[in-house]
Asker: 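Please read through the structure below; I'll follow up with questions.
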Amino acid sequence: MDLLPVAPIETLRQRRSAKWRFHPHDVLPLPVAEMDFDLAPPIQEALRAAVERSDTGYPAPVPTLADALVGFAGERWGWEIDPAAVTAVADVGVGVVELLRVLVRPADPVVICPPVYPPFFGWIPEAGGRVHEVPLRDGRLDLAGLERAFATHPAAFLLCNPHNPVGRVHSRDELTEIVRLATAYGVPVISDEIHAPLVPPGATFTPILTIPGAAAIAVSLVSTSKAWNLAGLKCATLVTASPAMAAVTDRLPPDTPWRVGHFGVLASVAAYTEGVGWLDRLLATLDDRRALLGRLLAERLPEVSWTPPEATFLAWLDCSAIGAGAAPRDLFFEKGRVALEPGPRFGAAGDGHVRLNFGTSAEILEAAVDRMAAARGSL
Ligand SMILES: Cc1ncc(COP(=O)(O)O)c(C=O)c1O
């Protein structure tokens, strides 16, 4: 399969998005989860056509967005979604916070499994709750720890599947056990499945709502924003599969779907209906970059250890053997001029780690590892 090209770095530097604007020009940016590939052609076409029509009004996500997601999820994952059970939300963060506002009473605990996507630590207090951590064990869900936490009757469990930053795709057996425990202890599960389309052959993504019994207790959030690089267009979807969980989403602010980006809806429909071939090329390209990163680290930074992720374009690198303290990110930034996400942002288990975004060209990846190796050599 043809791999996806990446524009030269001078062209990438013209982008106005966070990844390319947050750092001085001499820094190679590999932190925030945006990718450097060109947009999928059907998405470019959909957006260009909208501009040509001066079609920049309010979003109309019903029925097109729901129908497009239903088609994609059925084909890709064998997940049957009722289009009437799909709610458009501006982004996954908005979806999670609004759900938590419904589920959480002041200072209720909400369970998360660090190291995990840093905004989880902020979304919970934003909705009035309190973070209850059940850290991953050896990169996997700690089912016994989760049972102990669920026994205290938290307001919700915020699951990340596939898991950012470790890239683990939770297995059907693990999810079955999560559903059993959540049902037994009456804990609603919010499953953040934003990275789901980014699972290449070799791992199998299981939507939580395909687990028997999950419908009564779980809500899923899916989006095109990571896999097709559409984060700036503000469109995601919340999916339920039972009257009980629909009753939760019915309590969201009635204007929630009006707050979605119109271009996000148009681009997401194009992604789900015409962007699947491009997605498969992306997965092949990311597989190539993941293997390249492994070779580069083994050659040039052998002290760094990692488990290649089963999904996503994010690599969770354990740099503790380098001896740069809790935040090796500072060494790589200051001495190597390469920007990575600092591990401690993902929770205490992130000390000594960085998260590297390999959704880029082979040249940029190689230059980044070279710069990291030079920074390490300066110690
Ligand atoms: C696990 C996870 N959830 C949510 C988000 C943010 O999604 P959104 O921009 O739709 O809020 C990200 C972004 O990288 C993520 O990795």
Side-chain angles (χ1 to χ4, degrees), residues 17-19 22 29-36 59 61 65 69 86-101 110-124 126-127 131 136 139 141 156-170 189-199 205 207-208 219-239 252 256-257 259-261 263-265 267-268 271-272 286 309-316 339-343 345-347 350 355-360:
S17 63
K19 183 177 184 193
F22 278 3
L30 290 87
V32 63
E34 295 176 24
M35 293 186 293
D36 293 342
L65 178 62
L69 172 63
V86 176
T87 307
V89 288
D91 58 30
V92 168
V94 166
V96 171
V97 171
E98 293 298 356
L99 286 169
L100 289 176
R101 283 192 214 281
V110 175
V111 175
I112 58 172
C113 300
V116 74
Y117 179 58
F120 279 18
F121 293 91
W123 292 346
I124 293 169
E126 185 181 341
V131 171
L136 297 178
L141 294 171
F157 172 40
L158 179 51
L159 172 70
C160 191
N161 184 32
H163 192 103
N164 174 3
V166 299
R168 165 109 178 119
V169 181
H170 305 308
V189 179
I190 301 174
S191 187
D192 176 342
E193 300 181 341
I194 194 170
H195 290 279
L198 287 166
V199 178
F205 168 68
I208 187 109
V219 178
S220 163
L221 281 145
V222 282
S223 170
T224 53
S225 69
K226 292 297 114 184
W228 286 271
N229 208 34
L230 302 175
L233 301 186
K234 294 292 159 196
C235 175
T237 46
L238 197 156
V239 184
L252 261 47
T256 299
R259 296 174 179 155
V260 174
F263 274 27
V265 174
S268 294
Y272 287 139
L286 293 177
E310 294 174 296
T312 81
F313 47 86
L314 306 166
W316 184 237
L340 306 164
E341 281 297 328
R345 288 193 65 214
F346 297 76
R355 193 194 70 179
L356 179 150
N357 172 348
F358 59 85
T360 188

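Hydrogens, waters and symmetry mates play no part in the numbers below; they use all other heavy atoms, side chains included. We count ligands from 1, going down the list as the structure has it; atoms in each ligand are counted the same way.
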Asker: Quick check on contacts: which atoms of ligand 1 are under 4.0 angstrom from a heavy atom of Gly93?
Answerer: 11 (O)
Asker: Which residue holds the protein heavy atom closest to atom 9 (O) of ligand 1, what is that atom called, and what is the gap in Å?
Answerer: Asp91 CB, 4.0 Å
Asker: Starting from atom 12 (C) of ligand 1, what is the nearest protein heavy atom, named by residue and atom, and what distance separates them?
Answerer: Tyr117 CZ, 3.2 Å
Asker: Which protein heavy atom lies closest to atom 3 (N) of ligand 1, and at what distance to 0.1 Å?
Answerer: Asp192 OD2, 2.5 Å
Asker: Which residue owns the protein heavy atom closest to atom 7 (O) of ligand 1, what's the atom, and how far is it?
Answerer: Ile194 CD1, 3.1 Å
Asker: Any sub-3.5 Å donor-acceptor pair from Asn357's side-chain atoms to Val32's backbone N or O?
Answerer: yes
Asker: Number the atoms of ligand 1 from 1 as they appear, then name those within less than 4.0 Å of a heavy atom of Asn164, with their elements.
Answerer: 15 (C), 16 (O)
Asker: Which of the atoms of ligand 1 are close to Cys160, meaning less than 4.0 Å from one of its heavy atoms?
Answerer: 1 (C)
Asker: Output yes when a side-chain donor or acceptor of Glu193 lies under 3.5 Å from a complementary backbone atom of Ile208, and no otherwise.
Answerer: yes
Asker: Any nitrogen or oxygen of His195 lying under 3.5 Å from a nitrogen or oxygen in ligand 1? Just yes or no.
Answerer: yes
Asker: Specify the protein heavy atom at minimum distance from atom 10 (O) of ligand 1: its residue, its atom name, and the distance to 0.1 Å.
Answerer: Val92 N, 2.8 Å
Asker: Testing the basics here: between Leu230 and Ser268, what is the closest heavy-atom pair and its distance to 0.1 Å?
Answerer: CD1-N, 4.3 Å
Asker: So does Cys160 get a backbone contact from the side chain of Asp192, meaning a donor-acceptor N/O pair under 3.5 Å?
Answerer: no
Asker: Do any N or O atoms from the side chain of Thr237 and from the backbone of Val222 form a donor-acceptor pair under 3.5 angstrom?
Answerer: yes
Asker: Out of all atoms in ligand 1, which are within 4.0 Å of some heavy atom of Ala33? Include the element for each.
Answerer: 14 (O)
Asker: Please could you name the atoms of ligand 1 that Lys226 approaches to less than 4.0 Å, counting only its heavy atoms?
Answerer: 13 (C), 14 (O)
Asker: Treating Thr256 as the side-chain partner and Leu252 as the backbone partner, does any N or O pair qualify as donor plus acceptor under 3.5 Å?
Answerer: no
Asker: Taking Asn161 for its side chain and His170 for its backbone only, find out whether a donor-acceptor pair lies under 3.5 Å.
Answerer: yes
Asker: Under a 3.5 Å distance rule, please check whether Glu310 uses its side chain to pair with a backbone N or O of Val169 as donor and acceptor.
Answerer: yes
Asker: So for His163, does at least one of its heavy atoms come nearer than 4.0 angstrom to any atom of ligand 1?
Answerer: no
